[in-house]
Amino acid sequence: MKFFSTNKKSSPVNFKEACINGQAPDKGLYFPEYIPQLPASFFEAIESMSNEDIAFEAIKNYIGDCIPAPILKNIVEETINFSIPLIPITDSVFSLELFHGPTLAFKDVGARFMSRCLGYFVKDFSKKVTVLVATSGDTGGAVAHGFYDVPNVEVVILYPSGKVSTVQEKQLTTLGKNIHAIEVQGNFDDCQQMVKEIFLSASEFENLFLTSANSINVARWLPQQFYYFLAYKQWKDKDTAPVIAVPSGNFGNICAGLLAKASGLPVQYFIAACNANDVVPQFLQTGNYLPKPAVATISNAMDVGNPSNFVRIMEIFHHQIPDLQQVFSAVSVSDARTKETIKNVYQHHQYLLDPHGAVGFTALSDYLNMHPDSKGIVVETAHPVKFFDVVEPVIGEAIKIPETIQSQLGQQKNATLMNAYVNALKNFLHQL
Ligand SMILES: *Cc1c(COP(=O)(O)O)cnc(C)c1O
């Protein structure tokens, strides 16, 4: 399997090169040359298969011979060695809980898979590998924990000062060792821009091998398909395919779901649930794709003004917007409605959503009101405790903080404060 660049100016590469490069040299995103099809027999047998076998079957064609099967099996096993349950909230809405990993958000899956693949590929590198990543909140912690203590790899994480939650900040600033946190005085787009500019001037860093761990990396993007297959394994009503609402920011997660569907997974419809950052919902309405500066919301991990992965969605649909609109829509949900949803769902169904899941639940409920014969899944992307600062005042109750988070909160923050100038970051990297 080869991956081509969405800008079509770089040569196609295999999974190993795509994982190491992160972004293609022409600044496009890597995309598989074809989408492997899973046979009907796979979906018929899915309920009796182990999670590891399902994930292995879903990913193996993308990896090809870049990783020997027994090692890939191991990586897959370690990637999903926590529960990914599908929990009923109402008669027609189920929550796919992706927050049982070490940093309590879905990004653990992609970060764990990528760190293990990269660790395998760089074993015999002579240069130190530096993973550079910008985070709107949850990527940082997941990448920090995924790469912590991986030999030969340094990790530099940029996050927007004051725009991530308390728990998120602790998860990425307290590990130390090979994990370096940079607190940028700007927003997520500034962080992402600084990372992009470093890659444009990578030749200035001869002694470093720079790569990214953002969701544009195929090794983070592709394994996100796993849990859509695992959701289907647990979906009882196999005669009616689910509608799936995905809280979306950079659109990597939903794009993985659309890829899984394109390879055969039965899904009726996908809803990208956005907060006030509504570039994609606006695009589908007006036909104009207008990136904007990100605005801060209570679902901060989705505060993205120029979603990187949307181009991959267009690629899946061969840039045919009417085809896309057959199975996909995107909506914007306000903070006020998000809070209302958290409160209502907690009061009426005793289920506590986090702000991101609540954006998804709101969008899904609106859709199901218009399509009463359908049933849906909301992808619950983070544990509500990660956002206790938002959730507690809304429900008027304290939430129980798990032991692991309690101890993270007690640890000392260690971050380098930086203006949103690429030169400041360059100086930092030169001193690594
Ligand atoms: C990152 C994140 C999102 C957005 O995911 P994308 O793949 O960027 O669309 C949604 N919810 C949470 C909790 C996140 O951490």
Side-chain angles (χ1 to χ4, degrees), residues 1 3 14-16 18-19 32 34-87 94 96-103 105-121 142-143 145-146 213 215 217-235 238 242 244 246 252-267 270 312 316 377 379-381:
M1 163 75 78
F3 295 81
N14 64 14
F15 176 79
K16 175 179 178 176
C19 171
Y34 64 96
I35 298 176
Q37 297 300 302
L38 288 158
S41 57
F42 170 79
F43 295 103
E44 281 153 20
I46 200 162
E47 281 183 34
S48 60
M49 290 172 75
S50 72
N51 287 359
E52 292 73 24
D53 286 346
I54 292 169
F56 179 75
E57 289 303 315
I59 199 91
K60 68 175 191 199
N61 293 317
Y62 292 99
I63 314 296
D65 54 9
C66 291
I67 303 177
I71 294 176
L72 181 60
K73 278 204 169 132
N74 242 333
I75 293 177
V76 164
E77 242 174 76
E78 287 179 16
T79 300
I80 51 166
N81 68 355
F82 43 83
S83 74
I84 302 184
L86 187 66
I87 306 286
F94 296 73
L96 181 66
E97 295 185 348
L98 301 185
F99 55 69
H100 297 282
T103 70
F106 80 89
K107 292 192 177 71
D108 280 325
V109 173
R112 285 158 82 80
F113 187 80
M114 179 185 169
S115 62
R116 283 152 179 83
C117 291
L118 196 64
Y120 174 76
F121 292 141
V143 167
H145 283 257
S215 54
N217 194 303
V218 291
R220 276 197 54 199
W221 173 50
L222 296 171
Q224 295 178 129
Q225 297 177 90
F226 294 167
Y227 38 74
Y228 293 97
F229 289 100
L230 300 182
Y232 186 69
K233 174 185 176 181
Q234 299 169 77
W235 187 252
K238 294 273 193 293
I244 304 185
V246 187
N253 196 5
I254 193 163
C255 184
L258 287 161
L259 187 69
K261 176 171 165 58
S263 71
L265 181 71
V267 179
F270 275 99
R312 282 190 170 130
I316 294 175
I377 294 172
V379 176
E380 182 38 304
T381 46

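At a threshold of 4.5 Å between non-hydrogen side-chain atoms, the residues Val246 and Phe106 do not count as touching. Taking 4.5 Å as the limit, every side-chain heavy atom of Asp65 sits out of range of all side-chain heavy atoms of Phe15. Using a 4.5 Å heavy-atom threshold, the side chains of Phe270 and Tyr228 count as touching. Two residues are said to be in side-chain contact when any heavy atoms from C-beta on lie closer than 4.5 Å; Pro68 and Tyr120 meet this criterion.
Side-chain atoms of Gln234 never come within 3.5 Å of backbone atoms of Leu96 as a donor-acceptor pair (strictly under, hydrogens ignored). Using a distance-only test at 3.5 Å, with no hydrogens or angles considered, no donor-acceptor pair links the side chain of Glu47 to the main chain of Ala45. Within the 3.5 Å criterion, the main-chain N or O of Gly252 finds no donor-acceptor partner in the side chain of Arg312. The backbone N or O of Cys19 sits less than 3.5 Å from a side-chain atom of Asn217, completing a donor-acceptor pair. With hydrogens and angles disregarded, no donor-acceptor distance shorter than 3.5 Å links the side chain of Lys107 to the backbone of Ala142. Judged by distance alone, the side chain of Glu97 and the main-chain N or O of Val379 form no donor-acceptor pair under 3.5 Å.
Under the 6.0 Å distance and 45° angle rule, Lys238 counts as a cation-pi partner of Tyr232.
The minimum heavy-atom distance linking Cys117 with Ile67 is given by the pair SG-CD1, 3.8 Å. What you find for Val267 and Pro242 is that their closest heavy atoms are CG1-O, 3.4 Å. Of all the heavy atoms in Pro36 and Ser263, the pair that sits closest is O-CB, 2.9 Å. Shortest non-hydrogen contact noted between Leu86 and Ala231 is CD2-O, 3.8 Å. Nearest heavy-atom pair across Ala262 and Ile316 is CB-CG2, 4.1 Å.
Rounding to the nearest 0.5 Å gives a distance of 14.0 Å between CD1 of Ile59 and CD1 of Ile54. Atoms CZ and NZ, from Phe3 and Lys16 in turn, are 14.5 Å apart once rounded to the nearest 0.5 Å. Note that CG of Asn51 and OH of Tyr227 are 14.0 Å apart. Values are rounded to the nearest 0.5 Å. Distance CG/Leu259 to CD/Gln225: 4.0 Å, rounded to 0.5 Å. From Met1, atom CE reaches atom NZ of Lys60 across 12.5 Å, with rounding to the nearest 0.5 Å. The CG atom of Leu98 lies 13.0 Å from the CZ atom of Phe226; values are rounded to the nearest 0.5 Å.
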For residues 71-82, please give each side-chain donor-acceptor pair under 3.5 Å, one per line with the distance, not counting sequence neighbours.
residue, atom, partner, partner atom, Å
Glu78, OE1, Arg116, NE, 2.5
Thr79, OG1, Ile75, O, 2.6
Asn81, OD1, Arg112, NH2, 2.9

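No hydrogens or angles considered: nothing links the side chains of Asn61 and Tyr34 as a donor-acceptor pair under 3.5 Å.
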